[in-house]
Amino acid sequence: MSEKQDIKSYNLIELKEQMDSLGEKGFRAKQIYQWLHKEKVTSFEEMTNLSKSLRTKLKEIYEIRSVRPVDVLISKVDGTRKYLFEIKGGSIIESVLMRYHHGNSVCISTQSGCRMGCRFCASTLNGLERNLTASELLSQIYAIEQDIGEKVSNVVLMGSGEPLDNFDNVVKFIQMISDENGANLSQRNITLSTCGIVPKIKELAEKHFQITLALSLHASDNETRKSLMPIAYKYSIDEILNACREYFGETGRRITFEYSLVAGQNDSVEEAECLADLVRGINCHVNLIPVNPIKERNFTQSDKKAVEQFKSRLEKNKINATIRREMGRDINGACGQLRNEAMKGRKEETDV
Ligand code: SAH
């Protein structure tokens with residue numbers, strides 16, 4: 001028997017085509033879409049406005065793909081929750097819920113693993129396993145909403161993986177999560193973070209989504225950037241900044257530059273000055289992240305004073321800058337670290 005199709009990854013147009021091919025009326029697509037993405041049902045039986053025979057037919061052809069919660073760590077400091085989900089095939093992915101007074105913000109993974117190789121990042125240590133489907137991207141949010149019994153208001157694509165390396169599924173996710181027949185989340189409340197795959201940034205700009213683009217810059221010159229991020233061998237900072245200008249031109253959305261501060265490597269005031277020179281004239285905001293050291297690599301976090309000095313030097317140059325607030329300090333593994341440990345634990349279990 002051929003594998004069942006992933007019905008939750010179809011947008012409304014595709015679902016209409018599916019219904020067409022089954023000889024069903026077009027309006028069924030909207031009903032099914034709403035069941036999956038508004039009511040967030042997990043079985044065809046729950047779709048009670050469809051005939052029994054249609055439900056049976058759907059069940060034969062399609063699966064409702066989801067993510068299975070296997071663990072959740074809850075911070076005693078601020079209520080941040082780190083979720084480990086199992087996906088089809090048995091891999092584990094990580095998502096994080098941060099609770100702010102303005103709402104619930106969820107950080108989702110876009111790939112299982114990552115192939116970008118950033119030196120300070122735990123998600124990339126074992127390479128890329130696979131891309132997540134649109135259904136798996138959506139399900140991370142749906143599962144968290146179900147767990148807390150509240151709506152998610154903000155989504156950041158900043159978990160494991162490079163979103164622009166899973167372009168088609170991520171684009172579909174953005175379109176589907178903001179569809180009024182589904183979760184109806186405002187695109188303005190979505191942030192996509194990328195290591196800077198230039199042609200894909202341009203392609204994204206042409207979609208004219210109202211999402212925020214966050215660019216992981218982490219250095220103010222190409223040589224330093226190469227020492228931290230292999231992608232810098234492919235695209236220069238100039239090319240990246242031009243793509244960001246284009247993104248702003250097409251969407252009118254202010255760019256966020258992310259800059260992880262690594263002691264002695266990219267955190268001097270001279271580098272802050274260079275960074276200010278680079279981004280001057282771009283409608284942007286710089287988000288400073290003291291690097292979160294991972295045990296597999298030898299990086300040290302910049303001290304508080306260096307972080308403050310870096311920030312004030314940017315501000316002196318009239319560049320907007322903030323220091324990322326550390327959430328869930330007591331459960332705070334760096335991105336991907338929890339997943340790696342869970343996967344390792346599983347491997348050891350199967351090895352014995
Ligand atoms: N692939 C995307 C999303 C990655 S995670 C990207 O590169 O932007 C989101 C941000 O966290 C990125 O800026 C990434 O470089 C940064 N990051 C990853 N590991 C980190 C660590 N250990 N300490 C500080 N920042 C880290």
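One-based numbering, in listed order, for ligands and for the atoms of each.
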- Over-ring placement of Lys200 relative to Phe167, 6.0 Å and 45° cut-offs: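 Flagged: Lys200 positioned over aromatic ring of Phe167.
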
- Task: Report the C-alpha separation of Lys8 and Ser139 in whole Å, then their side-chain angles, then the decisive distance to 0.1 Å, and conclude whether the side chain to side chain contact (heavy atoms under 4.5 Å, CB included) test is met.
- Result: CA-CA 9 Å; Lys8 219 162 133 184; Ser139 295; 2.8 Å; yes

- Query: Would Ile323 end up clustered with Ile319 when hydrophobic side chains under 4.5 Å apart are linked, directly or stepwise?
  - Reply: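 Yes, Ile323 connects to Ile319 through the hydrophobic network.
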
Classify the contact between [X] and ligand 1 as side chain, backbone, both or neither, using a heavy-atom distance cut-off of under 4.0 Å.
X	result
Leu215	neither
Ser260	side chain
Glu162	both

- Relative to the heavy atoms of Cys195, which atoms of ligand 1 are at a distance of less than 4.0 Å?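 Under 4.0 Å from Cys195, ligand 1 has these atoms: 6 (C), 7 (O), 8 (O).
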
- Do His218 and ligand 1 have an N or O pair less than 3.5 Å apart?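 His218 vs ligand 1: N/O contact under 3.5 Å present.
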
- Message: Checking the N or O distance criterion of under 3.5 Å, is ligand 1 in contact with Val291?
- Response: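 Min N/O separation from ligand 1 is not below 3.5 Å for Val291.
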
- Measure up the His218 and Tyr259 rings against each other and bin them: parallel (under 30°), tilted (30 to 60°), perpendicular (over 60°).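 The arrangement is perpendicular - the two ring planes meet at more than 60°.
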
- Message: Is the ring pair Tyr62/Phe44 parallel, tilted or perpendicular, if the boundaries are 30 and 60 degrees?
- Response: tilted

- Task: Give a yes/no verdict on whether any heavy atom in Gly161 is under 4.0 Å from an atom of ligand 1.
- Result: yes

- Taking the six-membered ring where the residue is Trp, are the ring centres of Tyr33 and Tyr10 under 6.0 Å apart?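 No, the ring of Tyr33 stays outside the 6.0 Å limit from the ring of Tyr10, centre to centre.
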
- Note on the structure: Ranking Ser216, Cys107, Cys121 by closest non-hydrogen atom to atom 19 (N) of ligand 1, top hit is Cys121

- Item | Closest candidate by heavy atom, reference atom 9 (C) of ligand 1, pool Met229, Arg119, Met158 |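 The nearest heavy atom belongs to Met158.
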
- Task: Please test Gln111 against Asp165 for side chain to side chain contact (heavy atoms under 4.5 Å, CB included), starting from the C-alpha separation and ending with a verdict.
- Result: CA-CA 9 Å; Gln111 298 179 310; Asp165 191 37; 3.1 Å; yes

